[in-house]
**Q** 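Once you've had a glance at the structure underneath, I'll fire off some questions.
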Number of protein chains: 2
Amino acid sequence: MTDATLRDVARASGCSVATVSRVLAGTRPVGAETAERVRAAAEQLDYRPNHAARALRSRATGTVGLVLPQITNPFYPTLVRELTRALHADGRAVLLADCDDDPAAEAEHIADLLARRVDALLVIPAHERRSREAVAAAAARVPLVLMDRGCGPGVADSVAVDNATGMDLVLDHLAATGRRRVCFLGAAGTASAAAERRLAYESGAGALDPDAPGRVFLGDFSVEWGRAAVDEAWHERPDALVCANDLIAVGALQRLQQRGADVPGQVAVTGFDDIPMAALSAPGITTVRQPVAELAAEAARLLRRPPEHGSRPHRTIRLAPDLVVRDSSAPQQQSGHGTSEVSEVAEVTEVGEVSEVGAVKDMTARPEEAQ
Amino acid sequence: MTDATLRDVARASGCSVATVSRVLAGTRPVGAETAERVRAAAEQLDYRPNHAARALRSRATGTVGLVLPQITNPFYPTLVRELTRALHADGRAVLLADCDDDPAAEAEHIADLLARRVDALLVIPAHERRSREAVAAAAARVPLVLMDRGCGPGVADSVAVDNATGMDLVLDHLAATGRRRVCFLGAAGTASAAAERRLAYESGAGALDPDAPGRVFLGDFSVEWGRAAVDEAWHERPDALVCANDLIAVGALQRLQQRGADVPGQVAVTGFDDIPMAALSAPGITTVRQPVAELAAEAARLLRRPPEHGSRPHRTIRLAPDLVVRDSSAPQQQSGHGTSEVSEVAEVTEVGEVSEVGAVKDMTARPEEAQ
DNA sequence: AAAGTTTCGGAAAACGTTATCAGCACCTGA
DNA sequence: TCAGGTGCTGATAACGTTTTCCGAAACTTT
């Protein structure tokens, strides 16, 4: 019992394959009565179009490749969920490739996806420098959007969170709640998240204390570094630790608790990204929530654009994040342990106005893009 | 500059398309000299086979659909990584669909993947009962393997961890380290993980204490329940909390620490699954590690099987897990805080012999399957 | 040397769509 | 009445492979 084809539907409805195709694809008007007959026959035969044949003929597979460095990075699962949701809403399927942080594997996966004739690619580059070549080559063949990280200037369209705004939100919040001696626990390197967050801290922290921009400790984006960094930063007697991502914050929080420090009474801890673990820590970690659904929607929108010929300027879209205030940065007066929901809800309103400010910043700012 | 096709390669190498196809696909022997010419031309033209055309002609897309309930469930990212790795090794690409715990969305995704002519499906059912229909229908059309969870008997092949063995490992470890008053913090319901782990606890805990099998507290698989469950279980004055998964264990650990209880000095905590958070907690949580890579390999192997005609008995494969001992269950004598690596390594050897016992249990136990 | 057997290569028919082209009927306005 | 639309529909040619069928050599075997 093999599947029904257009031929079968045509035979059953007494018209030609061309007509059936037109009815089902809606590409050209067809007589109302005929159309009804065709639809009935298709329904009755349980006709399902063959995507392979369609792809061959129309040169479009309805498929997007998603290439990421490590699905186990705790920030990516939500991003993947939102991306697949946004793309499915456009009727596109998602081919997933995890390249295990290896640029060579990444290049292979990209080549394989291109051979599979994906309509477009979504890439979170594994490496700032070493991903560049493969990404650029792919971008020359299909629409390609970089997400979350960059890989050099002028390679392709890109969508990411506005790290500077996020860091400002954190520093404003800490200032407003009376913290003065802050330290930054960050990541070394030139990758966008590491560098942008570091620079934003350095340029923004001066408002709290002229010396604050100098109190920077750099490692990598890991819990282990968060733990170790506390031992280094402790000599500065900080009353707040601003961490460049949530993993660092989790590690810092653990080490502080091991040392018997009171969080947030003695020292506040903040993260970045709002991975699930940030909410599940005790106390919950105040952090910057990336607007994941919106990032995904922007990426999907860029991929929907018709493939213009000739080189057009690449678009860099930055979306402003929200601050999620949890207990790890509660004001010192009341050492507010316990359920975090109250303070979180209270701050969410304050957050609303901020997120409104920076809805979408399209750096190329073409007029026709504004809706 | 469009892609090179077989025609182009044929023209360039002075032979027919058929010959080129044979050389490149290796389906039939071809003269050495001709083959060399073809390969050179293909290389020179940077020929890439068109998967759409190939799929149309050979009725195989080289694509597998992966349907899961929630990519944000912290156990799934590693599983997804290992599955994609195993499938890519077979030259198959992975179409990902996240159905957000909604059986209706799951059914839609399955239908879409079938329309896209996936060669096979890998499904982690969203619901024990409500996923059954769509899964059964799909299994009738393509090879289908259920993972992690079941959805009723006799629906399809399935691969999962051996929950009973895992629970035994935990109970043996607790007994060996002197724990006697254990409680079980589990999940209600009939889903396989919830039920099997609960039953295994009830049948195994008697060895520690005749009353232990009765000390069972049921909620769901969440951190919140773990926190709440501690308050219920605390009246039993336990010296060990056996949790049905790592999220519950994380919550339990947090609540215990909030109450000022000493973990592991006063009470041990164990989890199940070995999600990343278990290792990153402080103290690290002793847990049962699912053999994720092996589960993925088994699933891939089942999908590789040629599609036998007629109904064959479904295979249920259970793989034995390992115990990962971390500080949350360190012996009470030495209240061993600090680095967990030492005790973990020490136990790993003990674990080795256990994992050897239950390498692969193929419940259908066909002789030709044993290698 | 004739008859089989193997080996290699080409022509051409699928696979199930979509797109192009042309035909047919029917109108509309001179 | 006829030229020129304006729907609607059907044949048919792609799309780029794989695969079947055949023929032509080149070897074996008798």
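Order of the sequence lines fixes the chain letters, A, B, ..., with proteins taken first and strands second; residue numbering starts at 1 for each chain.
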**Q** Hey, what do you get for CZ (A:Arg117) to CG (A:Leu56), rounding to the nearest 0.5 Å?
**A** 10.0 Å
**Q** Could you tell me the separation between the CG atom of B:Leu319 and the CG atom of B:Leu295, rounded to the nearest 0.5 Å?
**A** 4.5 Å
**Q** Please report the interatomic distance CG(B:Leu95) to OG1(A:Thr84), rounded to the nearest 0.5 Å.
**A** 11.5 Å
**Q** So does A:Val9 get a backbone contact from the side chain of A:Ser13, meaning a donor-acceptor N/O pair under 3.5 Å?
**A** yes
**Q** Using modelled atom types and a 3.5 Å cut-off, is there a donor and acceptor pairing between side-chain atoms of A:Asp90 and backbone atoms of A:Leu87?
**A** no
**Q** Using atom types as modelled and distance alone, determine if a side-chain donor or acceptor of B:Asp102 lies under 3.5 Å from a backbone N or O of B:Cys99.
**A** no
**Q** Are any protein N/O atoms closer than 3.5 Å to N/O atoms in nucleotides 6-10 of chain D? If there are, list each pair with its distance.
**A**
residue : atom : partner : partner atom : Å
D:dT9   : OP1  : A:Thr34 : OG1          : 2.4
D:dT9   : OP2  : A:Gly31 : N            : 2.7
D:dT9   : O4   : A:Arg28 : NH2          : 2.4
D:dG10  : OP2  : A:Ser16 : N            : 3.0
D:dG10  : OP2  : A:Ser16 : OG           : 3.2
D:dG10  : OP2  : A:Thr19 : OG1          : 2.6
D:dG10  : N7   : A:Arg22 : NH2          : 2.9
D:dG10  : O6   : A:Arg22 : NH2          : 3.4

**Q** Among residues 41-53 of chain A, which residues get a heavy atom nearer than 4.0 Å to DNA chain C?
**A** A:Tyr47, A:Arg48, A:Pro49, A:Asn50, A:Ala53
**Q** Between A:Asp157 and A:Arg301, is there a side-chain N and carboxylate O pair less than 4.0 Å apart?
**A** no
**Q** Mind checking whether A:Leu144 and A:Val135 have side chains closer than 4.5 Å, heavy atoms only?
**A** yes
**Q** Inspect the surroundings of CD in A:Glu133 and state if more than 12 heavy atoms from other residues, nucleotides or ligands are less than 6.0 Å away.
**A** no
**Q** How long is the straight-line distance from CG of B:Leu6 back to OH of B:Tyr47, given to the nearest 0.5 Å?
**A** 3.5 Å
**Q** Mind running a 4.0 Å heavy-atom check of residues 54-64 of chain B against DNA chain D and sending the residues that fall below it, in number order?
**A** B:Arg54, B:Arg57
**Q** Any side-chain to backbone donor/acceptor pair from A:Asn73 onto A:Phe75? Under 3.5 Å, distance only.
**A** yes
**Q** Does B:Thr5 reach a base, just sugar-phosphate, or nothing at all? Heavy atoms under 4.0 Å.
**A** sugar-phosphate
**Q** With no hydrogens and no angle check, is any side-chain donor or acceptor of B:Thr27 less than 3.5 Å from a backbone partner on B:Ala25?
**A** no
**Q** Which value, rounded to the nearest 0.5 Å, describes the distance between A:Leu302 atom CG and A:Ile317 atom CD1?
**A** 4.5 Å
**Q** With heavy atoms of chain A within less than 4.0 Å as the criterion, where does contact along DNA chain C begin and end?
**A** C:dG16 to C:dC21
**Q** Please tabulate the protein-to-nucleotide N/O contacts below 3.5 Å involving nucleotides 23-26 of chain D, giving atom names and distances.
**A**
none

**Q** Test of understanding: with side-chain hydrogen bond (donor to acceptor under 3.5 Å, both in side chains), list the residues that count as partners of A:His51, not counting sequence neighbours.
**A** none
**Q** If you measure from CG on B:Leu79 to OG1 on A:Thr72, what distance do you get to the nearest 0.5 Å?
**A** 12.5 Å
